[in-house]
2 protein chains.
Amino acid sequence: MGVVVPFEDKHPERNASIEKLVSLVSSDMERVNAMILSRTGSEVTMIPEVATHLISSGGKRLRPMLTLATAGLAGYEGDGHVKLAASVEFMHTATLLHDDVVDESDMRRGKIAARIKWGNEASVLVGDFLLGQAFRMMVEVGSLRALDILSAAATVIAEGEVMQLAAAKNTETTEDEYLAVIRGKTAELFAAACEVGPVIANRSKAEQAACRSYGMNLGIAFQLVDDALDYGGKAATLGKNIGDDFREGKITLPVVLSFRRGTDEERAFWRRALERGETEDLEQAIAIMRRHRALEDTIERARHYGAMARDALELFPNGPMRQALLETVDFCIARAH
Amino acid sequence: MGVVVPFEDKHPERNASIEKLVSLVSSDMERVNAMILSRTGSEVTMIPEVATHLISSGGKRLRPMLTLATAGLAGYEGDGHVKLAASVEFMHTATLLHDDVVDESDMRRGKIAARIKWGNEASVLVGDFLLGQAFRMMVEVGSLRALDILSAAATVIAEGEVMQLAAAKNTETTEDEYLAVIRGKTAELFAAACEVGPVIANRSKAEQAACRSYGMNLGIAFQLVDDALDYGGKAATLGKNIGDDFREGKITLPVVLSFRRGTDEERAFWRRALERGETEDLEQAIAIMRRHRALEDTIERARHYGAMARDALELFPNGPMRQALLETVDFCIARAH
């Protein structure tokens, strides 16, 4: 009989869960959810319809939980974190609505995309409405510093998306260029969501910077894992909901690595598939990625950013909230298994 | 020989000009323009390209001039009005970029629309970038009350646009419903632009409300005149750049009035043309409007709101700035001649 090799040892994050975080912020999250519901209201009935379609379709609400958790970590005792957390979720939802228009997506979170059901127009405008509501809630909280952080994030997110547009279908994209895109389009909102916690608690610059760094690196790791999952994750088995990036010609890290490491024929394949959209052979794409360990190494890169996120929190004394945030990093990476 | 009837007497606004306003705010406007240029900058080159395409294409920059003028009227002596004025113009530009996507327009201000040159994606995202930059500038000014007013305006504008979408192609739209749309999509930004002037000058609630009312009513008048101009204005002669609203099936006041006042055949014409897009006979549309004095009465309605705007300023002592603002009302209406 052969020996069973326990993979768990090599990847300690395998059994990580987000449950600790969820339970620590659950009572605050109820208030955030109530706030979200009340602020999507409008006499213009199409607005709550479109907004609720997306907001009620699930999603883990990781970003607002991070705002609540970092406020808790910083010992914040006021009420402002609830509105800031709801603002963060609205900014995220607005981005998703606009992304669907930009990507011409048909599906989002397993449901028909809002733009298919109500049209591009409604997606653009309801996104604008939610952005406006996000800013109104921030203004109500009254922290100019938090407003500064979140409004800066709004521009950086848009910059990241435009960068992605400019890099689209360009197989020559470097890993650094790709990192700049995901820092903008994904990690910046994670960073801002985490930074405003200690900010409204009036904690030191060092602690604000630590939470920002945690969020930024967690966001990068999160997006890298997402990119790997779009090709079926480390296991690289064909399943549902994979191959979207491939079909849209999106250049993500698994592609960047495969292209760099590839033969001339393989590079020609990527150009045909992603630049010119001439082939849609997802199985071949995954086979090339396997050959060059592109998915494994994308996850390895995610682990690197995850480690930086964890180290950023060393500044804070140990406790249940810090522990929950550390485990959240592992959970984000464990999704890849 | 016949007697020449001087039309000027009946329409005192005929010779009104915006020159007084332009010259009173010109040195501040130079600073606003410099601010606009510097804040459209980004390392992501597509952003300044798209933004500058629209921003440098002219437009009177009426909205930022109103912020500068009402700050002046309120005796403001700080620097914040420059950034708030630039924010207002960015909010307006973002709206135009998103509108082009929503309306599927090919032209804007006599140039090819950004969405044709760079795609819908870029228009959505650069609009988001400019909105973010607008909020950053507001935050830098540091007035929570001004932030409150302008962020509320952002949501109301989006609501107005969604309302317009919901009313699109519906010839049963009432005048009140139509007014609700233009209050949101146009007048709210005029109102906010004017309100923040006395707000940053710490003037009384009454003066803030007066400036808001001036802006709101001026904005309604402005949009009504615009709607009449889309059918060639009062003169109703065929020319360039007219008929866009008609071809897009937009229900504006000239249509609302013509439909209400029309015969059964005329109503059938409007339904065919606007609801089902089966005919594009602009000349017939204008002929029906003429028959029912729809364009003249749209301008008459604009005069009504213009009068309210002028009365709102009665609170302030007379002086060159008040005079310039009063004449701006006349100028906006005089465009119809």
Side-chain angles (χ1 to χ4, degrees), chain A residues 39 42-47 50 91 94-95 97-99 101-104 118-140 142-166 168 180-181 184, chain B residues 39 42-47 50 91 94-95 97-99 101-104 118-140 142-166 168 180-181 184:
Chain A
R39 298 302 173 104
S42 166
E43 287 175 17
V44 185
T45 49
M46 200 194 273
I47 290 177
V50 176
M91 285 176 68
T95 309
L97 283 166
H98 287 183
D99 272 4
V101 175
V102 169
D103 294 344
E104 301 180 348
W118 289 277
N120 276 343
E121 307 91 326
S123 293
V124 171
L125 297 174
V126 174
D128 289 351
F129 174 83
L130 292 177
L131 259 186
Q133 289 292 63
F135 280 105
R136 289 182 75 176
M137 283 190 277
M138 292 174 216
V139 171
E140 286 169 19
S143 160
L144 279 171
R145 181 79 190 109
L147 268 160
D148 191 18
I149 291 164
L150 288 164
S151 59
T155 59
V156 173
I157 293 166
E159 275 185 319
E161 305 265 5
V162 177
M163 236 188 284
Q164 174 167 280
L165 207 61
V181 168
Chain B
R39 298 302 173 104
S42 166
E43 286 175 18
V44 185
T45 49
M46 200 193 273
I47 290 178
V50 176
M91 285 176 69
T95 309
L97 282 167
H98 287 183
D99 273 4
V101 175
V102 169
D103 294 344
E104 300 180 348
W118 288 277
N120 276 343
E121 307 92 325
S123 293
V124 170
L125 297 174
V126 174
D128 290 350
F129 174 82
L130 292 177
L131 260 187
Q133 289 291 63
F135 280 105
R136 289 180 77 175
M137 283 189 277
M138 293 173 215
V139 171
E140 285 169 18
S143 160
L144 278 171
R145 181 79 190 109
L147 267 160
D148 191 18
I149 291 164
L150 288 164
S151 60
T155 60
V156 174
I157 293 166
E159 274 185 320
E161 304 265 5
V162 177
M163 237 188 282
Q164 174 167 279
L165 207 61
V181 168

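Naming convention: chains lettered A, B, ... in sequence-line order (proteins, then strands); numbering from 1 in each chain. Just so you know, these numbers use all the heavy atoms, side chains as well, and skip hydrogens, waters and symmetry mates.
- Neither the backbone nor the side chain of A:Ile157 has a heavy atom closer than 4.5 Å to any heavy atom of chain B.
- Distance check, rounded to the nearest 0.5 Å: OG1 of A:Thr95 to CG of B:Leu125 gives 9.5 Å.
- Neither the backbone nor the side chain of B:Leu150 has a heavy atom closer than 4.5 Å to any heavy atom of chain A.
- Between the CG atom of A:Asp148 and the CE atom of B:Met138 there is a distance of 13.0 Å, given to the nearest 0.5 Å.
- Note that the CZ atom of A:Arg136 and the CD1 atom of B:Ile149 stand 11.5 Å from one another [nearest 0.5 Å].
- With contacts defined as side-chain heavy-atom distances shorter than 4.5 Å, the pair B:Leu144/A:Leu147 qualifies.
- The two residues B:Glu121 and A:Val102 have their closest heavy-atom pair at CG-O, 3.3 Å.
- Between chain A and the residues B:Ala180, B:Gly160, B:Ala153, B:Gly142, the largest count of heavy-atom pairs under 4.5 Å involves B:Gly142.
- Closest approach of B:Glu159 to A:Ser42, counting heavy atoms only: OE2-OG, 2.5 Å.
- Here the closest non-hydrogen pair linking A:Gly132 and B:Ala154 is CA-CB, 4.2 Å.
- When all heavy atoms are compared, the tightest approach of A:Ala122 to B:Leu165 is N-CD2, 3.7 Å.
- Annotation for A:Ser151 and B:Phe135: closest pair CB-CB, 3.7 Å, computed over non-hydrogen atoms.
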